[in-house]
Asks: 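After the structure tokens below, expect a handful of questions from me.
Because the structure is a prediction, the values reported are computed rather than measured. Here, residue 1 is the first one in the sequence, and each next residue gets the next number. Counting convention: from 1, in listed order, for ligands and their atoms alike. Just the heavy atoms: all of them, side chains too, but no hydrogens, waters or symmetry mates, feed the values below.
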Amino acid sequence: MVDMFVLVGFSLLLGARVLSTKAPPPAPPSWPVAFSVKFQEEARNGTATTSRNDGAWYYDWSQISARFDHLNNQNNWICQGRGLNVTAPHGDCQVLFSQDADMFVIYPGQKQCCRACGPAEGCTVPVPNWLAESKFIGNETINGTGCMGWEKAGTHGQTTADRWYQTAKGKPCQYWESVTSDNVTYVHTLTFNQTTFHIGQPDASVFAVPDYCDRYSKCPNPWPH
Ligand SMILES: *[C@@H]1O[C@H](CO)[C@@H](O)[C@H](O)[C@H]1NC(C)=O
Ligand SMILES: *[C@@H]1O[C@H](CO)[C@@H](O)[C@H](O)[C@H]1NC(C)=O
Ligand SMILES: *[C@@H]1O[C@H](CO)[C@@H](O)[C@H](O)[C@H]1NC(C)=O
Ligand SMILES: *[C@@H]1O[C@H](CO)[C@@H](O)[C@H](O)[C@H]1NC(C)=O
Ligand SMILES: *[C@@H]1O[C@H](CO)[C@@H](O)[C@H](O)[C@H]1NC(C)=O
Ligand SMILES: *[C@@H]1O[C@H](CO)[C@@H](O)[C@H](O)[C@H]1NC(C)=O
């Protein structure tokens, strides 16, 4: 009995000491003001991988501009279903926030484009510190790289979540989001190719609205529907 008390007392004491010296969780990171990076995108419906494609992000908060490219074989929920007259709906698609703040869906290979929404409909470029209220969820190895993760409830409430993983040196590892509906958790990930990560302003041409876009006419099916 005595031994047991000593043992338990010792481990309690040890536990208390570990607890009191435990470092606070690392503060959520902020995105660089401007950067670009390529990625592999994947969507899963709970059991199966439903799409897999390449893509790229171009981001410049100083111009409040961004372009999210979902390349061939994409099944992106913003690109799909806008009612564009495209022969290949899963072909290369760009979601462009132009400098004047409207959001366009563009199929460059098919020269099709429409205005999906604007700030009035809640379509805005993510702020660099969008993770400000997020919670540290620990470290994880992603595609062979040690990464730190943060999570916050998604923009659509409790059935959605967003996660962001990056290295201790600030290189993006993965963006992760999930939506649970009818007991099925749909997970969508962008796994970044770190050798393509560049801090700094992308070329201005990246954010130019193509001349075949009608800036003033909405998509046949605007976003959000
Ligand atoms: C997920 O996708 C697989 C393969 O396409 C399909 O068999 C399965 O029914 C899907 N599950 C759900 C919940 O949609
Ligand atoms: C859609 O595109 C095809 C091929 O370019 C064209 O023949 C057709 O008229 C277009 N339809 C509409 C509604 O614009
Ligand atoms: C997570 O990784 C960071 C950076 O490598 C490291 O400083 C920290 O101690 C790790 N935290 C845990 C809980 O492993
Ligand atoms: C979800 O799962 C719960 C618990 O297993 C079950 O009671 C409920 O009927 C399921 N809902 C749907 C929409 O499948
Ligand atoms: C990552 O980027 C490098 C440099 O552009 C390229 O050589 C490599 O193939 C890319 N890897 C993937 C998985 O796309
Ligand atoms: C992840 O790692 C594998 C194996 O090294 C590689 O083939 C793949 O391209 C990597 N993915 C990314 C997005 O870097």
Asks: Quick one: nearest non-hydrogen protein atom to atom 2 (O) of ligand 1, plus distance?
Replies: Asn45 ND2, 2.4 Å

Asks: Considering non-hydrogen atoms of the protein only, which is the closest contact for atom 1 (C) of ligand 3, and what is the distance?
Replies: Asn139 ND2, 1.5 Å

Asks: Strictly inside 4.0 angstrom of atom 11 (N) of ligand 1, do you find any protein heavy atom?
Replies: yes

Asks: Looking at SG of Cys173 and CG of Asn139, how far apart are the two atoms once the value is rounded to the nearest 0.5 Å?
Replies: 10.0 Å

Asks: Quick one: does Trp164's side chain get under 4.5 Å of Pro29's, heavy atoms only?
Replies: yes

Asks: Can you get from Phe68 to Phe35 by hopping between Ile, Leu, Val, Met, Phe, Trp and Tyr side chains that sit under 4.5 Å apart?
Replies: yes

Asks: So which heavy atom in the protein is nearest atom 5 (O) of ligand 3, and how far is it from that ligand atom?
Replies: Ala168 CB, 4.0 Å

Asks: In terms of relative ring orientation, are Tyr59 and Trp61 parallel, tilted or perpendicular, with 30° and 60° separating the classes?
Replies: parallel

Asks: Which option, Asn193, Asp54, Thr191, owns the non-hydrogen atom nearest atom 6 (C) of ligand 5?
Replies: Asn193

Asks: Quick one: are Asp162 and Thr160 in side-chain contact, heavy atoms under 4.5 Å?
Replies: no

Asks: Please check if a non-hydrogen protein atom sits closer than 4.0 Å to atom 14 (O) of ligand 1.
Replies: yes

Asks: Under the criterion ring-ring contact (aromatic ring centres under 6.0 Å, His included), which of Trp176, Phe136, Tyr175, Trp130 is the partner of Trp150?
Replies: Phe136

Asks: Show the atoms of ligand 1 that are less than 4.0 angstrom away from any heavy atom in Val184.
Replies: 13 (C)

Asks: Return the OH to CG distance between Tyr165 and Asn143, rounded to the nearest 0.5 Å.
Replies: 13.5 Å

Asks: Any nitrogen or oxygen of Gln40, side chain or backbone, less than 3.5 Å from one on ligand 5?
Replies: no

Asks: Thinking salt bridges, do Arg52 and Glu42 make one under a 4.0 Å N-O criterion?
Replies: yes

Asks: In the protein, what heavy atom is nearest to atom 4 (C) of ligand 1, and what distance, to one decimal place, separates them?
Replies: Ala48 CB, 3.8 Å

Asks: With a cut-off of 4.0 Å, which atoms of ligand 5 are near a heavy atom of Thr195?
Replies: 1 (C), 2 (O), 3 (C), 4 (C)

Asks: Please check whether Thr196 reaches ligand 5 - meaning an N/O of the residue sits under 3.5 Å from an N/O of the ligand, judged on distance alone.
Replies: no

